[in-house]
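Structure first, commentary second.
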2 protein chains.
Amino acid sequence: MARWEPDAGPRLVRAALDLIGEQGYAATTVAQIAERAGLTRTTFFRHFADKREVLFAGQEVLGRLLADGIAGAPADATPLAAVAAALDAATAVFTAEQREYGPRLHAVIAENGELAERAAFKRASLRAAIADALRARGVGDPGAGLAAGLGVDAFYRAFERWCDLPAGPTYPELAREELAALRAAAAALG
Amino acid sequence: MARWEPDAGPRLVRAALDLIGEQGYAATTVAQIAERAGLTRTTFFRHFADKREVLFAGQEVLGRLLADGIAGAPADATPLAAVAAALDAATAVFTAEQREYGPRLHAVIAENGELAERAAFKRASLRAAIADALRARGVGDPGAGLAAGLGVDAFYRAFERWCDLPAGPTYPELAREELAALRAAAAALG
DNA sequence: GTCTATACAGTGATAGAC
DNA sequence: GTCTATCACTGTATAGAC
């Protein structure tokens, strides 16, 4: 048996996606995932807090990217302009692999309760991260939470379109488009 | 004469709140909750899908109340007016007991990951229920989701204020106030 | 229709071996 | 620092009792 292989985390993610694609999420055990990655169950839990987390590893850094994008926007930028800058920064890191796995992941999450809960929590966490960063710029309530909500909505709506149209606009372009549409809808409400 | 005591569900909820208040959520087992309620573990799972759900039993009917409130609004009501009507209907059912347990529940949920996830999912479900009801009225996207988001935000922001100020305005009044504030903030964005 | 008894797979934690 | 072993608990399934 070969010595210690690097990239245990990514290998576990790949093994999980393969097995879950074959058997479904509920029927796949952590022991099976670890075995296919050439590791043990204990090692899996050293890399991921729980079984669900292996499917959300990609979203780990998004909160920081978005918050940094807000903080790094020009001092005179409006809240929504800062959100747009954050979306630029966050969407830029997405790879073709993530675009390919996106729909499959979405299907798995949709048909499993615990995964849907984790997804809802991640989404709420992203919104909170953006809202906090906006408040740090002096944006008041409830405007900060509202602008953050528009940003997160634009992010996810654009992701779906990006996955659906591989030959279309870039992810940053779609995110800006969706944010503009949401802004227009918000203005039309009142 | 009944062979068993009635109201098993509420008794389980009460036992759970007591025990969790004493020991914390993680340290409280389903067996303990059932025992204190004079029931068995099996019976607990007949009334609640899982351990977390015993703390969210109150939110069960909210989705339907909100959706029915949307559907029952005057045909010529704007989306936000329909949302306001739904908030009226949903907030009217809240009792003094829920106001009293609100902050305690909030504290328990905040310090426990799985409960925070369940709460995020419930919130997202309420938003989806409102958005679907708005779309059934012919409201388009992304306006329906946006208005639904404002409604849910108003609902939760008003609940916090309602719990904080026992002698203040009624819950429906606070909800309308918050919705108006969010509407103004939305208008100010664009 | 509501409750109980029992057995089971799997998660997630922990303590210790090497 | 990775593994083995073990453990309490959750959540499911199936049986039957009142």
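Everything numeric in this text was worked out from a predicted model, so none of it was measured.
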* To do: Kindly indicate, with the supporting measurements, whether the criterion side chain to side chain contact (heavy atoms under 4.5 Å, CB included) is fulfilled by A:R118 and A:D50.
  => CA-CA 11 Å; A:R118 177 62 52 88; A:D50 54 44; 2.8 Å; yes
* Any residue meeting side chain to side chain donor-acceptor pair (under 3.5 Å) with A:R104, in chain and number order, not counting sequence neighbours -> A:E100
* Axial bend angle, the helix from C:dG1-D:dC18 to C:dC18-D:dG1: five-pair end segments, nearest 10° -> 10°
* Asked: Is there side-chain contact between A:Y171 and A:V93, with heavy atoms separated by less than 4.5 Å?
  -> no
* Asked: Considering only heavy atoms, which members of residues 113-125 of chain A lie under 4.0 Å from some atom of DNA chain D?
  -> none
* Can you tell if the side chain of A:Y25 reaches within under 4.5 Å of the side chain of A:E111, non-hydrogen atoms only? -> no
* Charged N-O contact under 4.0 Å between B:R14 and B:E97 -> yes
* Asked: B:L39 near the nucleic acid: base, sugar-phosphate alone, or nothing, with a heavy-atom cut-off under 4.0 Å?
  -> sugar-phosphate
* **Pair A:F155 and A:F159, ring centroids less than 6.0 Å apart** => no
* **Donor-acceptor under 3.5 Å (A:R123 side chain, A:V152 main chain)** => no
* To do: List the steps and the verdict of salt bridge (Lys or Arg N to Asp or Glu O under 4.0 Å) for A:R161 and A:E177.
  => CA-CA 11 Å; A:R161 287 179 60 198; A:E177 229 179 88; 3.0 Å; yes
* Determine yes or no for a side-chain-to-main-chain donor-acceptor pair under 3.5 angstrom, with A:R127 supplying the side chain and A:G145 the backbone. => yes
Please write out each protein N/O paired with an N/O of nucleotides 14-18 of chain C under 3.5 Å, distance rounded to 0.1 Å.
none

* Structure fact -> Within residues 43-55 of chain B, those residues having any heavy atom closer than 4.0 Å to DNA chain D are B:F45, B:A49, B:D50, B:K51, B:R52
* To do: Report yes or no: does A:R137 contribute a side-chain atom to a donor-acceptor pair with the main-chain N or O of A:I70 at less than 3.5 Å?
  => yes
* Donor-acceptor pair, side chain of A:R11 and main chain of A:A37, under 3.5 angstrom -> yes
* To do: Could you please spell out the steps behind the side chain to side chain contact (heavy atoms under 4.5 Å, CB included) verdict for B:I20 and B:L55?
  => CA-CA 10 Å; B:I20 289 167; B:L55 293 176; 4.0 Å; yes
* For B:F56, does its backbone N or O pair with a side-chain atom of B:Q59 as donor and acceptor, under 3.5 Å? -> no
* Heavy-atom contacts under 4.0 Å between residues 18-36 of chain A and DNA chain C, which residues? -> A:T29, A:V30
* Any sub-3.5 Å donor-acceptor pair from A:E178's side-chain atoms to A:A175's backbone N or O? -> no
* Asked: Is a side-chain N or O of B:D7 found less than 3.5 angstrom from the main chain of B:P10, in a donor-acceptor match?
  -> no
